[in-house]
There are 2 protein chains.
Amino acid sequence: MLHVGEVADPVIGPGDVLIEVAAAGVNRADISQREGHYPPPAGAPEWLGLEVSGVVSAIGSEVGAVAVGDRVCALLSGGGYAEKVSVPAGQVLKIPENIDLIDAAGLMEVACTVWSNVFLLADLRRGETLLVHGGSSGIGTMSIQLGKAMGARVAVTAGSEAKLAACAELGADILINYNTDDFVARLKAEGPGAHVILDPIGGSYLERNIRALALDGHILNIGNLSGEPGQVNFGVLMMKRGTIHGTSLRARSGAAKAAIVASVGENVWPLVASGQVRPIIDSRLPLDAAPEAHRLMESSAHIGKVLLTVTA
Amino acid sequence: MLHVGEVADPVIGPGDVLIEVAAAGVNRADISQREGHYPPPAGAPEWLGLEVSGVVSAIGSEVGAVAVGDRVCALLSGGGYAEKVSVPAGQVLKIPENIDLIDAAGLMEVACTVWSNVFLLADLRRGETLLVHGGSSGIGTMSIQLGKAMGARVAVTAGSEAKLAACAELGADILINYNTDDFVARLKAEGPGAHVILDPIGGSYLERNIRALALDGHILNIGNLSGEPGQVNFGVLMMKRGTIHGTSLRARSGAAKAAIVASVGENVWPLVASGQVRPIIDSRLPLDAAPEAHRLMESSAHIGKVLLTVTA
C-alpha cells in the first residue's frame, strides 16, 4: 500500500546536492518496488522515486558543478517521491533553459537508460536500424527521438494506432501494431533486421527478437514485463553473431551512474537544449495521487512520462 | 561421406600466400560441414579444413610479411585438408622457432577463437574467473593456458578424471567433473561466480551458465553441441547485468579475420615463443585417415587437438 508520511530531512555529505523537489518521474521499477519485487539498493532511501527535477537548496563543500538556486534534474537510487532529496553531484545535471522545470522530472531516467544501453553499450551507428518495443512509453519516446537525432532508422511496436501515431510524430520510421502485425516479418521486409533492439518485454519476445536481429546485432533487455523465461535458438544466434544483454541502471555504483550522467550531459543535453529532443509528458498528478499515477502506468494507457508534482 | 580427390592447384592473388601444407587441424566445424549442417562461406573452397601449418611456396606481389620458405600457420575459411592452400596474407603468421611444424597446425583456430572471444570481446581481466566447458578440448587447453598467462583464475568442466588431470597440469585452478559435480554450486562456492564463460555446449547449459555468472559477466557461446534451445531467466540476467554472445569465426570477413590474427600475433604469439603457451596435440593421423580423425573427435576421447599430416 502506498502512503505519504513524515521522514527526517536528508543530510548532505561533502559531495552531495540537496534539491527542493519540483516533480518526480514515475517508473515501472517503482511499481515493482511497491509490489515488493525490487528492493532498493543498500544505502538508498526506502521510499520510491528514481528521478526528480527541482531547485538546488544546498551543496556539499566539494561540489562545484551546480550552485544554490540552480534548476536541476537528478538520477536517484530511490527516494524521489519527496519534498527534498540528497544526491551525489555526479548524478545531477542543470536543466536546459528551454525546458520546463516540472517536465524535466521526466528526462533523466529515460535519457540515461536509452543513452547508456543503445549508444554506449550497443553502439548504434548512423544508418543502422533500432527496434524499440513499446514505442510510446517514456523510454520509447526518448528512444525514437535519440535514434533519429543520431541518424538511425527507428522501428517501434505499440498496441494501438493512437500510440503509433504519437511515435510517427516523433519521427519513427517503421510502425508496427503488435496486435495485428508480426514484427519479425516487418523488420525482415524493411531490410537486414534490427541492429539494436531495446526491449522491456523480455521472455515472451526473445525468440522473435533473435529472429528480427541483423548480423552482429544487440538485444538490450531492460525489463521482463512478460514475466516469462525466454528461449534462445543458438544456431540462429551464432549465425548472426548476436548479443543479448540483461541490464539495469539502479543497482550500479555511484561512479558508474556518474559516468553515464556525464555522457548524457555531453551527448544528449545539447540535443535537448536545441529542441531536437524533448521530454514527452503524458500527465502530471500531485504527489498524493501516486496510487492513481501507478494505476495509469499499469494500464499502459499513457503516452510518454507520468509525473508527480511536489511544488506546483 | 569423406573422400580424397583431385582438384586444381589453388591460384594466388596479389595479397595471397601459397602454402605447401604440412598438417591440417581437425575442428568440430569440419564434422558439421561433413554432415551438411555448415556450408562453407561464399568464395571458400568446398572441401574441409579451417587451419593448416606448412611452408610458403609462393607469395602475391603485394605480400611483404612472409617470404618463400617461411614456416607458417594459417586461419582458413575452408580447404585445409589438402596439399596446398591459398590464403590472404592477413590470415597467416610465422611459426615461432620453438614450435614443431606439424604441431603448429593445431594453434591457429584455438588461439584465434579463444583470444577473440575471451579477451577481445569479453575483456577478461587479471584476477577474474574464466569458466571453460570442455577444458580438455583443443579450445579448452588453449583457454586454460591463455587464461593463466593473463592472470585469471581458470575453472574447467570435463567428463573424466583423466581429462581433469590434463587440465590441472596446464594450470586450471578449479576442476569440475560434470558427471558428478554441479558447476553452478562449485563456482558459487569458490567466489563471486564466473566473469567469463566459454561454452561450446549451448542450450542445455544456458540456464546454469547464467546462474554461475558473476556481476557484469559474459557467456560466450561458440557452439551448440547440446542441440537444444536454451532458457533465459531475465530476472537473474538483468540483476547480474549479464551478456550472452553467440559467436562464430568462420563467416567473418577477411578484414575481420586479419584483425583477429594480427591481435593474436601481437598478444598470443610472444607467449607461444616463450613456451608459456603451447599447442596440445592429442594425435597425428595421415590425411587419408580423416574419417578416423573425425570419429576420434566425435567420441570426445581426445585431449587437445587432432591433426591430419600431409607431408611427414
Q. Who among Asn221(A), Asn233(A), Val236(A), Leu215(A) has the most heavy-atom pairs with chain B under 4.5 Å?
A.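 Looking at each option in turn, the highest pair count goes to Asn221(A).
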Q. Just wondering, more than 12 heavy atoms not from Glu35(B) lying within 6.0 Å of its CD?
A.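 Yes, enclosed.
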Q. Do Arg252(B) and Arg241(A) have side chains that get closer than 4.5 Å, going by heavy atoms?
A.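 Touching, per the 4.5 Å side-chain cut-off.
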Q: Examine whether an atom of Ile219(B) lies under 4.5 Å from a heavy atom of chain A, and if so say whether it belongs to the side chain, the backbone or both; otherwise answer neither.
A: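 No part of Ile219(B) comes within 4.5 Å of chain A.
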Q) Which atoms form the tightest heavy-atom contact between Met238(A) and Ser248(B), and what is the distance? A)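 So the two residues come closest at O-OG, 3.8 Å.
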(Q) Rounded to the nearest 0.5 Å, what separates atom CE in Met239(B) from atom CZ in Arg250(A)? (A)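 Between atom CE of Met239(B) and atom CZ of Arg250(A) there are 14.5 Å.
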(Q) Below 4.5 Å, heavy-atom pairs only: which of Pro229(B), Gly235(B), Ser226(B), Ala251(B) has the largest tally toward chain A? (A)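 The answer is Pro229(B).
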Q) Per the side chain to side chain contact (heavy atoms under 4.5 Å, CB included) rule, which among Leu225(B), Asp199(B), Leu206(B) passes with Phe234(A)? A)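 The passing option is Leu206(B).
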**Q.** Qualifying residue for side chain to side chain contact (heavy atoms under 4.5 Å, CB included) with Leu237(A), from Thr247(B), Ile244(B), Asn224(B)
**A.**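 Exactly one option meets the side chain to side chain contact (heavy atoms under 4.5 Å, CB included) with Leu237(A), and it is Ile244(B).
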